[in-house]
Structures are given as C-alpha cells and as structure tokens.
Amino acid sequence: MAEGNNKTTRRDFLELSAAALTGMAFTAKSAASPPATLQTTTPTSTSGGIDLVNLTIVEASERIRRKQLSPVELTQAVLHRIEALNPKLGAFITVASTEAMEAARTAEREIQQGRYKGPLHGIPVGVKDTHYTKGIRTTAASNILKDFIPDFDCTNVERLKNAGAILVGKMNLPEFSFGGNTPGCHNPWDLSRNSGGSSGGSGSALGGCLILGATGGDTSGSIRNPASTNGCVGLKPTFGVVSRYGVVPISWTLDHLGPMAKTVEDTAILLNALAGYDPRDGFSARVPAQDYRRQLRRNIRGRRVGYIAEGEIAQFHPNTKKAFFDAVKVYEGLGARVQEITFPDRMRATGGAHGLIRIAEAATYHREFLRTKADQYKTADSNVRTTVEAGSLLTAAQYLRCQRARRLFLEDMAKVFAPLDVLLTPTMPAPADVAVDVPETYRNWWNLCGYPAISLTCGFSTNPAGLPIGLQVAAKPFEDSTTLAAAFAYESATDWHTRHPNL
Amino acid sequence: MAVDQTFIKNLAEANGLNLPEERLDAVLRQYQSYLRTMERIDTVPLERESEPAIRYSLESINPGSAAGPSGGRR
C-alpha cells in the first residue's frame, strides 16, 4: 500500500496473496512499498498506461498469467465500458455483472493459488442470447422467451467456464436469429448504421471493445456478416466441430456455432475451448482434438489460394471489390499460389436449397409457438412469424428434394475445392447498410456444405467513409486450422485489425 | 388448384395451424416465394440414385460389443 493511502488495490491484493502463499515475511514497510513491477492504481480502465478494454485475449492473458493484471481489474474495466457504451450500441440484452464479478474473483483466487487454466482464464466474454445460461435469462430476443431462465448451461458456455472465461452478458440478435441486421444494435464505426446480424451484438461489442471474446451462431452467415460489418473476426467452423447443444436453433442441419474475437489468434484460442465431440449434439463430429492456436503460423508460401472471379461479384460495392482484390495481392505477395475460381451454373440452382431447408426445419421448431403463442412474435423489425407460418406449409417431398439437391451441391463444391487449400471471397457485398442487388452473396453456401469459413477485416470503405470490409476465407471440411492459418497469414501482413473506432 | 388465400388457409388447417384472415396475404406471398425457389431447384435433374444429404448415426447398445458407431454424419 502506498504511504498515506489506506486503499488496497487489486494489485496490492495479488502481491500480498502471493507473499502469504510463499511464506514471505510481511511487514508494514513492505506493504507501503510495492515492488516496481506492480503499480498502485485503483480499478480503472487503464493500467500502466494500457487501456485494458483494447487488449486482445493474447495480450490480456499474458498479463494475467504473469499476475500483472487481475481478472477482477479487467472485468471491472469491461463492465465500466459496457455501462458507458451499451446505451449507444445496444450490444447486450442482459449484462450479468454480479455473476461476472463473482467469477472474476474466483479466477483471481485460482490464479493466485497457482491453478492457472490457460489463456481464457479471467477473460471477459459474451455469448449470443440463444445460448442457454444457467440462472440467466435466455431470450433469443423474442417476447416468447422473455422470461425463460434455463436450468443448465449449453455446452459452449460450460466449456468457456471450464476454461476460466468470465461470462459478462448475453449478446443482442434479431428475433430468433432471423435476419442479417440486429434491431436496436449499432455499428461502433458509425452509430447511425446497424451492426449486421444475426450475431450483431457480439460483433458490435467486439468492434467497440466492450468484450474480448464472444460466441455467435451462423445459419446463413450470421457470424461472418457481423464480423465483417463491425471490423472483427468471426469463424463458422466445420459443421459438427462446435456443439449446438443447448442453443436455440434456427435449422438443425444448417446451424453452426463459433467464436468471434478481435484477432485471428484470439479466435483460435476460443475455438480450442469450444471445439470437440459432444454426445449431446446428434451432429457432433468425432474428430481428434486439435490445438488450433499452435497451427496458426504455418507458412502460406506455396499454398493453393483460390479467389472468386470478378465476374461472379460484378455487382458488389466497388470499395468491397477493391479491398478484396488487394487482399488477393497480399496473398500473392506472401508466396501463395493464387488462382481465379468460378462456380458451375448448377450450384446457383442447388444453392437455393439452403433457404427452403432452413425454413422447413425452422418451421418445425416453431410449430408449438405458432400454435400457442403466435401473437407474441414481434410485429416490427421481424419476419419470423410470417416466414415460419409459410414454411409450415412446405411438404416433406419438397424438403427432401432440397436435401437431394444439397447432395449435388456438396459434390460440386468438392470438385471446385479439389485443386485448392483455401478459397477467398468478400464476406459481404457492401459495407454496413449499403444496399446492393446481387444474385449471390456466397455466405449461405458454406452453411449448406458445412465447410469452415472465417471473416476478418481487409479494409475500410471510402464511400461511405470508414466502414469495415471483410475478407472471407473458406477451406475444406475439418481444415479449420487451415482456414485460421490462412487468415492469420493475411492479418499478420496487414494492420486493419489494429484500428479501433472512436467511441 | 389456385394458390390463393383459400388454399393457404386450408393447407394451414391441414397442418394444424389456424391462420387468421389478416395473416393470409402475407403468408401467401411468402409461400409463393418458396414455390419460386423450389421451381429453380427442380430445374436440376436428380439422378435416381442421389440421396438426401441427411444421415443419422448409430451406437451399439449391446454392452461389451466391439462394434463402433455406424451410419455417418453429413
């Protein structure tokens, strides 16, 4: 403790705890003279001149591991920022500050006792409000579930907690995840614009540095869309790599859950915690566990990188196309073997199976709500009720024809990918809230075939100015590590990810 | 049979959904968009042998059995 100041900071607490544990003598003098490596600061957003909320998971975890930063300090800083900025951003539906601080204190104690769990220990994260959280309401942004409080955690929340992460809240989304925009959730780069969706709250909070990591759900691009729109990273893993158990679904055979973060390495750290076989998820993949973070630094030189031909994205926004083709040049400069790719015409028809499979499965999930609580669906900013009512009228024969068409789509995608390691497309056809009319966006396709796909920032628009543009990197099934490594190579060669909005 | 509001109402009832009159127009338009998508998909010939892209997996329930999971996942 500093002389004349009888406040004990978190750092003092950590130091004293460590001293007690090692049996060192504790005197009044040593209490008044903290060691040079620790600073006597009251819990604020800065520590040692570092703005805590701007830290990545990698940066924060290293400080926590070295006991230079307390999980309590970090969580307090995050909660302060949420309190200050969530009214502007609308990123959170529920902020679990009491639970978060309790978990942060537990993490601090564990770390002080030498029970460090790994890079997520003490890291504040948010989860999309489709993820069941024990004792914390899970609403899916719907009036139908507004009072629903699960009595168990979904697998993903379990795994994040087991890794020591601090759950700070439930992230905003459109009703039941239906939609590519999140009503009431704003873009940190331009508050007059939307955050995208459906994992819009997660994207907005990451872009605005309200949290260090998050989860999202992706049925038609809903991790990658907000990642691109808000200037962060989002991975839709291979279907079955991350458990869907305990998450409000849209469509059982198209839903993917995955990590979102500020950087590719942070995303890999989250995936390490989330990935793995779950017997409670009937589509969970039995694949060996991997260390995705350890595989990030594989050399991109000589890798076969396909990129979508200009003719396939002719109607995309000019800023998006420029940023995309500049990204292709970066890969070329890194020594990758780049080649232009077009898709067979048949895929444009069979790709349409995504929409009908999605709505037929969703309608089945919503059947009981339609029969008993139909009037509780939102009437503004939501098309859930109409789409699932109409989806309820599709026949089994129509659904199965779509699933047969899906089989052809899978065959064609395998042929397109045969000569490639990764395939690049823009994530979105235009920056946030800029309307363009395009025949295909190439996001749904990765849900239909289940291949892994990640979005990371590859530039910012000039007209309108200052909006993030996302690069989508896809790979073959269960090559999530290749997706991440290719994304990491690009990110390491650029600095888009170091920019923060001025909030 | 024309795909109109009466059709929608009857089809919904046959599927256990009672759609009020004020919902029929919106649901009809949405349903028609699904039919257009289906028409495009149906332009692609499906070989007789092509199967739906959904599977289920089986685990042995016989204690001590050496058989592992069968079937497969998409």
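In what follows, chains are A, B, ... by sequence order, proteins preceding strands, each numbered from 1.
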**Q** Indicate the atoms forming the closest heavy-atom contact of A:Thr219 with A:Ser251, along with that distance.
**A** CG2-CB, 4.1 Å

**Q** Name the option with the most non-hydrogen atom pairs under 4.5 Å to chain B; the candidates are A:Arg367, A:Arg371, A:Glu389.
**A** A:Glu389

**Q** Given A:Thr425, which of A:Gln472, A:Glu440, A:Glu312 fulfils the side-chain hydrogen bond (donor to acceptor under 3.5 Å, both in side chains) condition?
**A** A:Gln472

**Q** Measuring from A:Phe417:CZ to A:Lys476:NZ, what's the distance to the nearest 0.5 Å?
**A** 7.5 Å

**Q** Given B:Ile8, which of B:Val27, B:Leu17, B:Asp25 fulfils the side chain to side chain contact (heavy atoms under 4.5 Å, CB included) condition?
**A** B:Val27

**Q** Measure B:Arg40 against the heavy atoms of chain A and call it side chain, backbone, both or neither at under 4.5 Å.
**A** backbone

**Q** With a 4.5 angstrom heavy-atom cut-off, could you sort out which part of A:Leu393 is near chain B: side chain, backbone, both or neither?
**A** both

**Q** Are there residues of residues 374-384 of chain A that reach to under 4.5 Å of chain B by heavy atoms, and which ones?
**A** none

**Q** Do A:Ser222 and A:Ser177 touch side chain to side chain, with heavy atoms closer than 4.5 Å?
**A** no

**Q** Rounded to the nearest 0.5 Å, how far does CZ of A:Phe176 lie from OG of A:Ser142?
**A** 4.0 Å

**Q** Can you tell which of A:Thr387, A:Leu394, A:Leu370, A:Leu400 has the highest number of heavy-atom pairs within less than 4.5 Å of chain B?
**A** A:Thr387

**Q** Do A:Trp446 and A:Ile454 touch side chain to side chain, with heavy atoms closer than 4.5 Å?
**A** no

**Q** Going from CD on B:Gln32 to CG on B:Asp4, what distance comes out if it is rounded to the nearest 0.5 angstrom?
**A** 9.0 Å

**Q** First locate atom CG of A:Asp480, then atom OG1 of A:Thr238, and finally report the distance between them rounded to the nearest 0.5 Å.
**A** 3.5 Å

**Q** Sort by residue number and list every residue of residues 344-360 of chain A having at least one heavy atom under 4.5 Å from chain B.
**A** A:Arg346, A:Ala349, A:Thr350, A:Gly352, A:Ala353, A:Leu356, A:Ile359

**Q** B:Leu19 versus chain A, heavy atoms under 4.5 Å apart: side chain, backbone, both or neither?
**A** side chain

**Q** Decide if the gap between the ring center of A:Trp445 and the ring center of A:Tyr451 is smaller than 6.0 angstrom.
**A** no

**Q** With a 4.5 angstrom heavy-atom cut-off, which part of B:Asp42 approaches chain A: side chain, backbone, both or neither?
**A** side chain

**Q** Flag the one option from B:Arg23, B:Met38, B:Gln30 with the top tally of heavy-atom pairs under 4.5 Å to chain A.
**A** B:Arg23

**Q** With a 4.5 angstrom heavy-atom cut-off, which part of B:Glu51 approaches chain A: side chain, backbone, both or neither?
**A** backbone

**Q** So, applying side-chain hydrogen bond (donor to acceptor under 3.5 Å, both in side chains) with A:Asp218, which one of A:Arg224, A:His256, A:Lys236, A:Arg443 is it?
**A** A:Arg224

**Q** Is B:Ser50 in contact with chain A via its backbone, its side chain, both, or neither, using a 4.5 Å heavy-atom distance?
**A** both

**Q** Looking at A:Arg244 and A:Asp255, is any side-chain nitrogen of the basic one under 4.0 Å from a carboxylate oxygen of the acidic one?
**A** no

**Q** First locate atom CZ of A:Phe239, then atom CZ of A:Phe283, and finally report the distance between them rounded to the nearest 0.5 Å.
**A** 5.0 Å

**Q** Side chain from CB out, backbone as N, CA, C, O: work out which of these in B:Glu47 comes under 4.5 Å of a heavy atom of chain A, or both, or neither.
**A** backbone

**Q** Any salt bridge between A:Glu411 and A:Lys415, counting N to O under 4.0 Å?
**A** no

